[in-house]
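Per chain, numbering begins at 1; letters A, B, ... match sequence-line order.
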Number of protein chains: 2
Amino acid sequence: MPSTTPPAPAFRTLPEPAGLPEPLPEPAVEDLRLETVLGVLSDPLRLTIVRKLLLESEAFDHTCGWFGLDRPKSSLTHHFKALREAGVTRQRQYGLERRSHVRVADLEARFPGLLALVAAWTPDSN
Amino acid sequence: MPSTTPPAPAFRTLPEPAGLPEPLPEPAVEDLRLETVLGVLSDPLRLTIVRKLLLESEAFDHTCGWFGLDRPKSSLTHHFKALREAGVTRQRQYGLERRSHVRVADLEARFPGLLALVAAWTPDSN
DNA sequence: GACACAGTACGAACTAAGTCGAACTTAGCA
DNA sequence: TGCTAAGTTCGACTTAGTTCGTACTGTGTC
């Protein structure tokens with residue numbers, strides 16, 4: 001065989017900085033529900049958000065604005081809240097900004113392999 | 001370590017019998033969409049159906065009645081159709097009966113690991 | 001204090017999805 | 001021929017979710 005594909009890099013996580021604000025209310029790891037997580041990920045905009053966090057993170061967490069999504073702010077609030085309440089992302093308040101990151105370890109523990117599918121997803125056909 | 005957990009049994013597939021009727025209309029493997037599949041699996045009843053097919057199949061495919069679901073027939077038709085149109089199950093008409101089975105190979109090819117999550121799912125909490 | 005800014009909360013309008021009864025279709029069988 | 005059973009189709013209703021405008025909250029800055 002000419003070249004072997006690497007095992008599964010998929011995505012990486014950045015180390016958690018010290019002295020972070022408390023996360024906003026979210027479900028505990030053991031309360032994560034597969035049907036809820038799948039439901040919240042069955043939306044292209046939210047898949048885009050999670051995928052971008054997994055593959056293109058430049059920092060530990062990111063504000064809504066960083067994603068460059070062309071939707072009214074109230075719509076974005078709605079989707080980021082849905083992701084957090086399903087347990088897919090964690091949000092922290094930094095002064096004015098509210099930053100999100102994916103709960104990689106928690107999701108891998110409960111639903112191993114799910115995030116790799118999100119990372120491999122592409123918006124358009126295919 | 002006392003005992004190593006087996007790699008990933010998860011579920012098995014039964015061989016396809018010869019001379020089956022043509023499958024009902026369904027998306028091709030390359031047309032399977034992650035967001036659609038996740039959406040159709042974000043329902044406890046449909047997760048129950050797919051999980052039961054994966055873990056408790058007694059034959060290659062099964063009728064709606066086999067599942068023992070306590071819902072009106074028109075509701076069941078709706079859910080089985082949703083699963084088929086999302087590409088999760090394949091349905092064939094045998095005389096009066098319409099039997100379903102999971103498209104294991106197709107789903108594993110497109111979304112590896114997804115079915116293992118469904119197989120590991122449990123209806124109530126956790 | 002006044003302002004700009006990031007984001008939320010609320011609510012209304014709209015859309016998609018679930019639920020299910022009733023009527024229909026079709027195969028098998030007596 | 002007519003019954004029965006498996007399942008569909010249709011339509012009405014209900015529920016849940018999306019979208020987004022407007023008003024609001026809280027922080028930092030001048």
Please work out which residues in residues 84-93 of chain A have a non-hydrogen atom less than 4.0 Å from an atom of DNA chain C and list them by number. none

So, using salt bridge (Lys or Arg N to Asp or Glu O under 4.0 Å) as the criterion, who are the partners of A/Glu35 when residues are at least two apart? A/Arg33

Once salt bridge (Lys or Arg N to Asp or Glu O under 4.0 Å) is applied, do any residues pair with B/Glu85, and if so which ones, sequence neighbours excluded? none

For B/His78, all residues meeting ring-ring contact (aromatic ring centres under 6.0 Å, His included), sequence neighbours excluded: none

Letter per nucleotide, 5' to 3', of nucleotides 15-30 of chain D [B base touched, S only sugar-phosphate touched, - untouched; heavy atoms, 4.0 Å]: ---SBBB----BB---

Output a table of donor-acceptor pairs, distance under 3.5 Å, between side-chain atoms of residues 68-75 of chain A and any protein atom two or more places apart or on a different chain; print 'none' if there are none.
none

Starting from A/Leu24 and following side-chain heavy-atom contacts under 4.5 Å between hydrophobic residues (I, L, V, M, F, W, Y), which residues can be reached? none

If the cut-off is 4.0 Å, is B/Thr77 near the phosphate of D/dT8, judged by side-chain N/O to OP1 or OP2? yes

Looking at residues at least two apart in the chain, or sitting in another chain, which of them share a side-chain contact (heavy atoms from CB on, under 4.5 Å) with B/Ala105? none

Co-members of B/Leu14 in a cluster of I, L, V, M, F, W and Y side chains, linked at under 4.5 Å: none

Is it the case that A/Glu97 and A/Thr63 place a side-chain donor and acceptor less than 3.5 Å from each other? no

A/Asp43: which residues meet the salt bridge (Lys or Arg N to Asp or Glu O under 4.0 Å) condition with it, sequence neighbours left out? none

So the contacted stretch of DNA chain C, first to last nucleotide with an atom under 4.0 Å from a non-hydrogen atom of chain A, runs from C/dC5 to C/dA9

A/Leu20: which other cluster members, linking ILVMFWY side chains closer than 4.5 Å, directly or transitively? A/Phe60, A/Tyr94

